[in-house]
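Before any comments, here is the structure.
When a ligand or atom number is given, it counts from 1 through the structure's own listing order.
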Amino acid sequence: MTDFQSVFGAAPDGVWAAPGRVNLIGEHTDYNDGFVLPLALPHTARATVRRRDDDLLRLYSEQGDGRITELGPDLDPGAVTGWAAYPAAVVWALRKDGRAVGGLDVHIDSDVPGGAGLSSSAALECAVAAACDGVFGLGLDPAGLALAAQRAENEFVGVPCGVMDQMASMCCAEGSALFLDTRDLSRRQVPLDLAARGLRLLVVDTRVKHDLGDGAYAGLRAGCERAAALLDLPALRDLPPVALDGALVQLPAELRPLVRHVVTENARVQECITLLDAGDLAALGPVLTAGHASLRDDFRVSCAETDLVVSAALAAGALGARMTGGGFGGSVLVLVAAEESEAVASAVRAAFAAAGYAEPRTFAAVPSAGARRVS
Ligand code: ADP
Ligand code: MG
């Protein structure tokens, strides 16, 4: 464990933190102009930074390769590989927008589990974006920083992600989930007082990540876009549930389940919003479980490990469960009565042991704050 001073030999200007997230519901909807409902985790990436007098960018991560990556002013997509591409991408995206981002020393330390579908990448990007905004006085709002971070990941790192992760990391508020319309970024903080209802949201990180996921994401996204084009719609978000059956028969068979997932998933987000506004949090359970079935059977992004968490948790009395994140491994979100929480977690661990899988990591998802300056 090092700190900024020991890595860069000077005191920092400040520290910014940005959280990872779990998505309550609304999976694979963000690149279809749809609805999402993420909450920020207590886990954060922290960027400790100092402005430089020159135009060098020096990057160090506690979770990196133990070396300082030093980059000159000419940042180009493809020129930076490995983890340093993420923070470099954010500086690149802000500069490309004409923002006056000069040289910077950056020390990263994160406790967001990586590659677990909890958005360690967006946490890292948003911590750096917020730090740049702070030290260079850019005056951008959280959504503007989130969009720059998304463009950074899309165009510089080369991951075609939607905007949910960065918006969640920048804009979530403590005690709430963020109801976000990814078409126009309109949003509302929806109170999520689980403890008051005797409930808990457990995150089960399966610790598996199947390689399949990387290419599959782009293919699924392209399939959704093709379906929207065939239906002559701007995006699948524009297909209302009442028109679903009529639309499906116009599509090639391989696109139908994708469209069914996106349309029903958007409807599930709205159903969850209605339940949350009514304070009926326990009733979210079956909606989450239906979302999992749709990801498993229609979108086909689940896997044996995430399916096992869901079935074991439900068999042990959980109110609902679904995989969260892009899929092919990663984490499962489980809604459970607080007093049943430990029993459900043990049942999942026992099921994993019986299947010969490595022990999953479990923790409670406490709705936490979005990106902020911490010192
Ligand atoms: P997720 O966002 O679901 O955690 P991704 O594959 O999108 O998974 O992002 C993980 C990548 O983000 C890592 O491979 C690494 O390159 C980068 N990353 C995230 N956090 C850190 C960190 N603390 N230090 C260095 N790199 C990080
Ligand atoms: Mg990511």
Side-chain angles (χ1 to χ4, degrees), residues 1-4 7 15-23 27-28 30-31 36 38 40-41 43-49 57-69 71 78 80-91 106-131 146 149-170 203-218 221 301 303 306 323-333 361 363 365 371:
M1 176 76 193
T2 55
D3 61 9
F4 185 95
V7 173
V15 185
W16 281 260
R21 61 97 190 94
V22 284
N23 190 18
E27 216 65 78
H28 290 278
D30 66 343
Y31 53 82
V36 294
L41 293 172
H43 308 68
T44 59
R46 285 167 304 285
T48 305
V49 304
L57 180 61
R58 295 200 298 171
L59 306 166
Y60 183 91
S61 171
E62 288 296 321
Q63 292 75 42
D65 51 14
R67 289 180 301 155
I68 295 174
T69 299
L71 301 168
V80 188
T81 54
W83 78 270
Y86 291 86
V90 172
V91 170
V106 182
H107 176 277
I108 299 293
D109 193 8
S110 175
D111 63 358
V112 183
L118 303 174
S119 273
S120 70
S121 62
L124 171 56
E125 292 152 8
C126 290
V128 172
Q150 183 208 9
R151 255 194 334 275
E153 187 156 342
N154 288 169
E155 295 174 26
F156 193 95
V157 184
V159 178
C161 58
V163 76
M164 166 172 67
D165 298 352
Q166 292 81 8
M167 281 296 289
S169 187
M170 287 304 314
V203 175
V204 181
D205 171 10
T206 63
R207 299 180 193 259
V208 296
K209 185 79 207 157
H210 297 292
D211 287 341
L212 180 68
D214 295 341
Y217 184 91
R221 185 172 177 152
V301 293
C303 63
T306 44
M323 55 149 281
T324 178
F328 308 104
S331 298
V332 175
L333 195 57
R361 169 176 24 210
F363 60 89

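Under 2.8 Å from the Mg ion (ligand 2) lies an N/O/S atom of Ser121, whether from backbone or side chain.
Remark: the backbone N or O of Val90 is not paired with any side-chain donor or acceptor of Glu125 at under 3.5 angstrom. Looking at Gln63, its side chain does come within 3.5 Å of a backbone N or O of Ser110 through a donor-acceptor pair. At distances below 3.5 Å, not a single donor-acceptor pair connects side-chain atoms of Asp205 with backbone N or O atoms of Ala116. A distance-only check finds a donor-acceptor pair linking the side chain of Thr206 to the backbone of Gly330 [under 3.5 Å]. Checking side-chain atoms of Thr324 against main-chain N and O of Asn23 turns up a donor-acceptor pair under 3.5 Å.
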Would you mind listing each N/O atom of ligand 1 next to any protein N/O under 3.5 Å, plus the distance?
unit_1, atom_1, unit_2, atom_2, d
ligand 1, 2 (O), Ser120, N, 3.2
ligand 1, 2 (O), Ser121, N, 3.1
ligand 1, 2 (O), Ser121, OG, 3.0
ligand 1, 3 (O), Gly117, N, 3.4
ligand 1, 4 (O), Gly115, N, 2.8
ligand 1, 4 (O), Ser120, N, 3.0
ligand 1, 4 (O), Ser120, OG, 2.6
ligand 1, 7 (O), Ser121, OG, 3.1
ligand 1, 23 (N), Gln63, OE1, 2.9
ligand 1, 24 (N), Ser61, OG, 2.6

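The side chain to side chain donor-acceptor pair (under 3.5 Å) test applied to Asp111 returns no partner, not counting sequence neighbours.
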